[in-house]
Amino acid sequence: MVNGDEIIEVPEGTYKITVANNGWGGSGEYTVVRNETTQVSLEDLKGDGPSFCLITFMVTVPDTHVYINGQEVDVTEPQYVQYGSHSLKVQCQGYTSWNKTLVVNSESATITLELESETGTSSA
């Protein structure tokens, strides 16, 4: 997470920088040279927006409930999700529920949702 005019020290090399925030996002490749300052303008990376990702969920356990930002989604259909950070919650009776932050910054993605049973074994 970058806020304002921050300086981040990284080793020399070439980096792909991707940004996503509230539907806006993009990527660029930047080369960092030893003992030089490389400036990256997030304005240049924001792209045309808002942008959405088509997410396909692969569910390994029937009757799994998936929530994005508190709203249940139909995992049998691909979902358009706006670029940015979202809360992801997965629940299924007899399995350990979990919450994660989902960072969306690509045109499409497939997410496999594996659950661990309350007895400690993973779903296949």
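Numbering starts at 1 and runs along the sequence shown. Keep in mind that the numbers below use all heavy atoms, side chains included, and drop hydrogens, waters and symmetry copies.
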Would you list the pairs meeting side chain to side chain donor-acceptor pair (under 3.5 Å) in which at least one residue belongs to residues 102-113, sequence neighbours left out? none
Run the side-chain contact (heavy atoms from CB on, under 4.5 Å) check on T56 and I111 step by step: do they pass? CA-CA 6 Å; T56 302; I111 299 173; over 6 Å; no
Are L54 and F52 joined in one hydrophobic group, where the rule is that I, L, V, M, F, W and Y side chains link up if heavy atoms are under 4.5 Å apart? yes
Which heavy atom in E114 sits nearest to a heavy atom in T60, and how many Å separate them? CA-OG1, 3.8 Å
Distance in Å, Q71 CD paired with K89 NZ, rounded so as to fall on 0.5 Å steps: 12.5 Å
Applying the 4.5 Å side-chain criterion to the ILVMFWY set and letting contacts propagate, would I8 and V32 be lumped into a single cluster? yes
Heavy atoms of S117 and T96 approach each other most closely as O-OG1, 4.0 Å
Could you report the tightest heavy-atom contact between V75 and V66, atom names first, then the distance? CG1-CG2, 3.3 Å
Do Q91 and H65 have side-chain N/O donor and acceptor atoms under 3.5 Å apart? no
Exercise: identify the closest heavy-atom pair between A109 and C53: N-SG, 3.8 Å
Would a distance-only check, ignoring hydrogens and angles, find a side-chain to backbone donor-acceptor pair under 3.5 Å from Q79 to D74? yes
Should V59 and L102 be counted in the same cluster of Ile, Leu, Val, Met, Phe, Trp and Tyr side chains packed under 4.5 Å apart? yes
Would you give the length of the straight line joining atom CG of L88 to atom OH of Y67, rounded to the nearest 0.5 angstrom? 12.0 Å
Considering residues at least two apart in sequence or located in another chain, which fulfil the side-chain contact (heavy atoms from CB on, under 4.5 Å) criterion with S27? K16, T18
Determine whether a donor-acceptor pair (N or O, by modelled atom type, separation under 3.5 Å) exists between the side chain of N69 and the backbone of H86. no
Value for CD1 (I17) from CG (D44), rounded to nearest 0.5 Å, stands at 11.0 Å
Chi angles and distances behind the side-chain contact (heavy atoms from CB on, under 4.5 Å) call for W98, L113: CA-CA 10 Å; W98 51 264; L113 302 173; 3.7 Å; yes
Can you confirm whether Y95 sits close enough to V61 that some side-chain heavy atom of one is under 4.5 Å from a side-chain heavy atom of the other? yes
What are the two closest heavy atoms between L45 and G28, and how far apart are they? CD2-N, 3.5 Å
Going through the distances and angles, do T76 and F57 end up as a side-chain contact (heavy atoms from CB on, under 4.5 Å)? CA-CA 8 Å; T76 65; F57 290 101; over 6 Å; no
Q93 side, atom CD; D63 side, atom CG - distance, nearest 0.5 Å: 9.0 Å
Taking all heavy atoms of P62 and all of C92, pick out the closest pair and write down the distance. O-SG, 3.5 Å
May I have the step-by-step check of side-chain contact (heavy atoms from CB on, under 4.5 Å) for T31 and T38, ending in yes or no? CA-CA 8 Å; T31 299; T38 302; over 6 Å; no
